[in-house]
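Accompanying notes for the structure given below.
In what follows, chains are A, B, ... by sequence order, proteins preceding strands, each numbered from 1.
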Amino acid sequence: TIGMVVLDTKGDMAAGTSSNGANHKVAGRVGDAAVPGAGAYVDSAIGGAAATGDGDVMMRFLPSFHAVQEMAKGVHPRVACERALVRIASKYPHFKGGMVCLNRMGEFGGAGHGWNFSFTVQATGMSEPTVVHVDSI
Amino acid sequence: AHAAAVVINTWPFANATRVAFAALTASSPQQHLDAITVGCNRCEVEQCDFTVGYGGSPDTNGETTLDAMILDGTTMDMGAVAQLRRIKAAIHVARAVLHHTSHSILAGDGALEFAKMMGFQEESLVTPYSRALHAEWKQQHCQPNYFRNVVPAQNSSCPPFKPAGWGNDSAMYASSPDEEQQRVQALVTQQNHD
């Protein structure tokens, strides 16, 4: 899966996903990528988030929506991502997932649970994309 | 004007980030949607880690199907496709759902019909790689899989299955719920995830 959040110079934000799901999934299965609030969510007045990992678990918790609501409280994007994943882990301690979060000010962060996660970012002032590695929380 | 432009995405898919960021510097009234579309599509074309796009993650029938979504954070317009069959550019179809319908999600064969109506080319998403993955899985007696509470036992058999009775917990779970959770999570890797 790729999950992406963007902020343009006018302050408009968007989020998106694209995925072919899990290997050997039961035919007919749909992952979290198509579910708003699960695979991704965004509100230009607040920020956006995207998630990756076990979609069958994540779509039950809407972690991207959760992270955006955390950012609405003024929480830093990295912490918002962590809180969304911790909420899932409280029910599914073996859960594997990763998230990226971006607020409307252009601040960003990421978090992973159950694995060491990497994300990519490019912002004004960066000539090339940068890959950021985060340890599992 | 807002000062900063930012693209952030899951995984080290730098090419997707790069083209998305370039779209943010173009003169388009829908830069933010353009960036998502070209960024996700780049991964669909490049088959990022075989977790995006055609030719990866075959289902129990050996078919690759795609899920995609695009959400406009300013208008809250959205479009998504779920279990899209036989169309490669899933994110473009999702954007067509956003622009050309007042719905949010189209799924399965209905999504395919919509995509064809919008001019997308129908083609197989199966590749030699995905065919080999599926063949190897069948050779391994369809292990691992995501079935449970079925007969014959899912941990040694291939589908089709029949439902096991619901009245007997010991028949429902071959292992404890915690062990079952660990088993499923062990299947999630950088090459196998949503």
Side chain, backbone, both or neither of T64(B) within contact of chain A (heavy atoms, under 4.5 Å) = side chain
Between CD on residue E128(A) and CZ on residue F21(B), distance to nearest 0.5 Å = 10.5 Å
Top contributor to chain B interface from L102(A), I46(A), V42(A) [non-hydrogen pairs under 4.5 Å] = V42(A)
Do N9(B) and F119(A) come close enough that some side-chain heavy atom pair is under 4.5 Å?
-> no
Return the minimal non-hydrogen interatomic distance between T52(A) and H193(B), and the atom names on each side.
-> OG1-ND1, 3.2 Å
N/O donor-acceptor pair under 3.5 Å between T51(B) side chain and T1(A) backbone = yes
Under a 4.5 Å cut-off applied to non-hydrogen side-chain atoms, are V184(B) and D54(A) in contact?
-> yes
Under 3.5 Å, side chain of T10(B) to main-chain N/O of A51(A), donor-acceptor pair present?
-> no
Who passes side-chain contact (heavy atoms from CB on, under 4.5 Å) against V151(B), sequence neighbours left out?
-> K162(B), A164(B)
At a heavy-atom separation under 4.5 Å, does V121(A) approach chain B through its side chain, its backbone, both, or neither?
-> both
D67(B) side chain vs A34(A) backbone, donor-acceptor pair below 3.5 Å | no
Tell me, side chain or backbone of V81(B) under 4.5 Å from chain A's heavy atoms, or both, or neither?
-> backbone
Heavy-atom pairs under 4.5 Å with chain B are the metric here; pick the option from H24(A), R29(A), M58(A), M13(A) that has the most.
-> H24(A)
Honestly, the part of A80(B) sitting under 4.5 Å from a heavy atom of chain A is side chain
Where the side chain of D194(B) meets the backbone of G31(A), is there a donor-acceptor pair that is under 3.5 Å apart?
-> no
Answer with side chain, backbone, both or neither: which region of Y92(A) has an atom nearer than 4.5 Å to a non-hydrogen atom of chain B?
-> both
Locate the shortest heavy-atom distance separating V6(B) from A123(A); write the atom from each residue and the value.
-> CG2-CB, 4.0 Å
Which one, V5(A), T130(A), V30(A), leads in non-hydrogen pairs under 4.5 Å with chain B?
-> V5(A)
Taking all non-hydrogen atoms of both residues into account, name the closest pair between I8(B) and F108(A) and its distance.
-> CD1-CB, 3.7 Å
Answer with side chain, backbone, both or neither: which region of C43(B) has an atom nearer than 4.5 Å to a non-hydrogen atom of chain A?
-> side chain
Measure from the side-chain N and O atoms of S44(A) to the backbone N and O of T74(B), and report whether any donor-acceptor pair falls under 3.5 Å.
-> yes
Could you look at T37(B) and say if it's the side chain, the backbone, both or neither that has a heavy atom under 4.5 Å from chain A?
-> neither
Applying a strict 4.5 Å limit to non-hydrogen atoms, the region of A20(B) in contact with chain A is side chain
Flag side-chain contact, heavy atom, 4.5 Å: D12(A) against Q30(B) | no
Give, as side chain, backbone, both or neither, the part of I70(B) having an atom under 4.5 angstrom from any heavy atom of chain A.
-> both
Enter the distance from T17(A):OG1 to M69(B):CE here, rounded to the nearest 0.5 Å.
-> 4.5 Å
Measuring from Q181(B):CD to K91(A):NZ, what's the distance to the nearest 0.5 Å?
-> 11.5 Å
Heavy-atom pairs under 4.5 Å with chain B are the metric here; pick the option from V131(A), V68(A), V100(A) that has the most.
-> V100(A)
Cut-off 4.5 Å, heavy atoms of chain A, and the answer for A23(B) is neither
Can you tell if the side chain of F13(B) reaches within under 4.5 Å of the side chain of I2(A), non-hydrogen atoms only?
-> yes
Would you indicate whether the side-chain heavy atoms of V188(B) and W115(A) approach each other to under 4.5 Å?
-> yes
With distance as the sole test, does K25(A) use its side chain to make a donor-acceptor pair with the main-chain N or O of S57(B) at under 3.5 Å?
-> yes
Identify the two heavy atoms, one from G16(A) and one from C40(B), that lie closest to each other, and give their separation to 0.1 Å.
-> C-SG, 4.1 Å
Identify the two heavy atoms, one from D178(B) and one from H94(A), that lie closest to each other, and give their separation to 0.1 Å.
-> OD1-NE2, 3.0 Å
Going by atom types only, do E44(B) and S18(A) share a side-chain donor-acceptor pair under 3.5 Å?
-> yes
Heavy-atom donor-acceptor pair, Q185(B) side chain to K96(A) backbone, under 3.5 Å | yes
Side chain / backbone / both / neither for V35(A) at chain B, heavy atoms under 4.5 Å = backbone
Chain A contact via Q191(B) - which portion, at a heavy-atom distance below 4.5 Å | backbone
Just jot down the side-chain contact (heavy atoms from CB on, under 4.5 Å) partners of A45(A), sequence neighbours excluded, or say none.
-> D43(A)
Shortest non-hydrogen pair, S28(B) vs K10(A), comes out as O-NZ, 4.0 Å
Is the backbone N or O of A5(B) less than 3.5 Å from a side-chain atom of T9(A), with the two atoms forming a donor-acceptor pair by type?
-> no
How far apart are the C-alpha atoms of F50(B) and N23(A), what are their side-chain angles, what is the distance that settles it, and do they pass the side chain to side chain contact (heavy atoms under 4.5 Å, CB included) test?
-> CA-CA 10 Å; F50(B) 292 106; N23(A) 273 330; over 6 Å; no
Would you indicate whether H103(B), at its atom NE2, is surrounded by more than 12 heavy atoms from other residues, nucleotides or ligands within a distance under 6.0 Å?
-> no
